[in-house]
Amino acid sequence: MALSFQHLTSTKQLTREDMDAILKVSLEMEKVRDSGSSELLKGKVLASLFYEPSTRTRMSFEAAMHRLGGSVITAEGIQFSSMYKGETIEDTIQMASQYVDIIVMRHPEQGSADKAAQVSGVPFINAGDGPGQHPTQGILDMVTISKERGTLDGISITMVGDLLYGRTVHSLSFLLGLYKDVTFTFVAPDALQMPEKVTSYLDEKGMKYSVTQELEDGLNSDVLYMTRIQKERFADSSQYEKLKDSYILEAAHVKDRDITVMHPLPRVNEISTDVDALPNAAYFRQANNGVIARMALLAMLLGEA
Ligand code: NCD
């Protein structure tokens, strides 16, 4: 199925048709994965460039490529790459385009993905550009909500934690804005509330959202999306220390409610481990969906699905 874009830097690029098609292919990919190996991307090579820490995103992209019969070459950490010698993002990507069929990159600088996409000779995927966007996380979150709740239209979602620097909630909000009658509750300390780039988009779309500092105000939604306070984005570490334990979800908050708990992970303190055993806890299933969603994206961007 064709997508309306060649490079994926932001979820703002997607149409509803794109998102629906990715959902459909992700569910097909789930069957492919569960039935063993596939040769769909045999002979194709992925460059996996991670200049900022990652566990899930990187491992699930690489697992996705391997599951489809493709191969992976990697570069990690600016200190081990030519970027350390002063090579620009643009030059690194033009080089990588000579070697591979598709590129995934995570980089600490907001806007780095746009720079890369402008010069990439092969499909380019943003795996997180600083506090900017994390489009593939947003996509796997949509797959998760659809599987857990059976629909995307009409859902209510509460986003909690670091909504200012958390790129996952930005990417997810733009995608939910493509669906009908989605309502949002944003729970954050004033200093970490959802930025204007997201709220103005929701205003344009006529979406309803409310803003609060109290976790209790957000427990009546269908989905509770917890996030980590993004320590690495704070210029002033005392400000981080003050805010780091703003919200801690415990089993008692959700055990008698029909609410799906999600988290992009890694968690630090914000979800107590006593939540893990509850049927509400969807965050490990969510991580699992990362592989099928990325299998779908790789295959679609390479014109093979
Ligand atoms: C997120 C990220 O990197 O933005 N992690 C992930 O990709 N699953 C969330 C985070 O680091 O808090």
Side-chain angles (χ1 to χ4, degrees), residues 8-12 26 48-65 74 76-78 104-113 116 125-145 157-175 186-189 192-195 197-198 223-234 240 243-249 260-271 275-276 281-295 297-298:
L8 177 59
T9 60
S10 156
T11 49
K12 269 190 139 174
S26 298
S48 160
L49 311 178
F50 280 79
Y51 301 116
E52 206 187 42
S54 171
T55 302
R56 269 151 298 275
T57 305
R58 178 177 183 160
M59 285 175 67
S60 59
F61 258 117
E62 297 186 3
M65 195 65 184
T74 64
E76 75 181 304
I78 287 177
V104 172
M105 183 183 82
R106 171 171 290 185
H107 192 284
E109 188 185 309
Q110 182 161 1
S112 52
I125 303 174
N126 176 12
D129 63 324
Q133 277 245 351
H134 190 353
T136 64
Q137 179 72 44
I139 287 169
L140 80 89
D141 292 341
M142 294 293 277
V143 172
T144 303
I145 295 170
I157 181 165
T158 298
M159 296 178 174
V160 183
D162 190 344
L163 307 185
L164 178 63
Y165 297 120
R167 54 197 174 194
T168 66
V169 286
H170 305 162
S171 293
L172 178 57
S173 299
F174 291 130
L175 289 175
F186 298 136
V187 180
L192 298 178
Q193 259 301 349
M194 195 57 104
K197 70 175 178 188
V198 175
V223 176
L224 182 62
Y225 193 102
M226 300 295 296
T227 67
R228 172 179 73 89
I229 308 291
Q230 307 274 302
K231 181 179 183 181
E232 65 277 32
R233 312 280 178 228
F234 284 77
Y240 168 73
L243 297 174
K244 69 177 183 188
D245 289 328
S246 297
Y247 304 103
I248 299 178
L249 186 76
T260 300
V261 182
M262 294 174 62
H263 191 305
L265 303 176
R267 71 174 145 187
V268 184
N269 254 341
E270 55 280 351
I271 302 182
V275 180
D276 297 2
Y283 28 95
F284 294 116
R285 296 193 289 275
Q286 182 182 355
N288 182 291
N289 291 330
V291 178
I292 58 170
R294 291 180 171 117
M295 287 167 79
L297 268 172
L298 290 169

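These numbers come from a predicted model, not from an experiment. Start at 1 and go down the list; that is how both ligands and their atoms are numbered.
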>> Given a heavy-atom cut-off of 4.0 Å, could you list the residues near ligand 1 in chain and number order?
In response: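 Contacting ligand 1 under 4.0 Å are Arg56, Thr57, Arg106, His134, Gln137, Arg167, Thr168, Arg228, Gln230, Pro264, Leu265, Pro266.
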> Would Arg106 and His134 count as a side-chain hydrogen bond (donor to acceptor under 3.5 Å, both in side chains) if you check the C-alpha gap in whole Å, the side-chain angles of each, and the deciding distance to 0.1 Å?
Replying inline: CA-CA 9 Å; Arg106 171 171 290 185; His134 190 353; 3.1 Å; yes
> Hey, are Glu232 and Arg167 close enough for a salt bridge, meaning a charged N less than 4.0 Å from a carboxylate O?
Replying inline: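 Here Glu232 does not pair with Arg167 in a salt bridge, since their nearest N and O are not under 4.0 Å apart.
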> Does atom NZ of Lys231 have more than 12 heavy-atom neighbours from other groups under 6.0 Å away?
Replying inline: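 No.
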>> One pair to check against side chain to side chain contact (heavy atoms under 4.5 Å, CB included): Asn126 and Gln133. What are the steps and the verdict?
In response: CA-CA 8 Å; Asn126 176 12; Gln133 277 245 351; 4.0 Å; yes
> Run the side chain to side chain contact (heavy atoms under 4.5 Å, CB included) check on Leu172 and Ile157 step by step: do they pass?
Replying inline: CA-CA 11 Å; Leu172 178 57; Ile157 181 165; 4.0 Å; yes
> Are side-chain N/O atoms of Gln137 and Ser171 paired as donor and acceptor at under 3.5 Å?
Replying inline: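 Distance-only check fails for Gln137 and Ser171.
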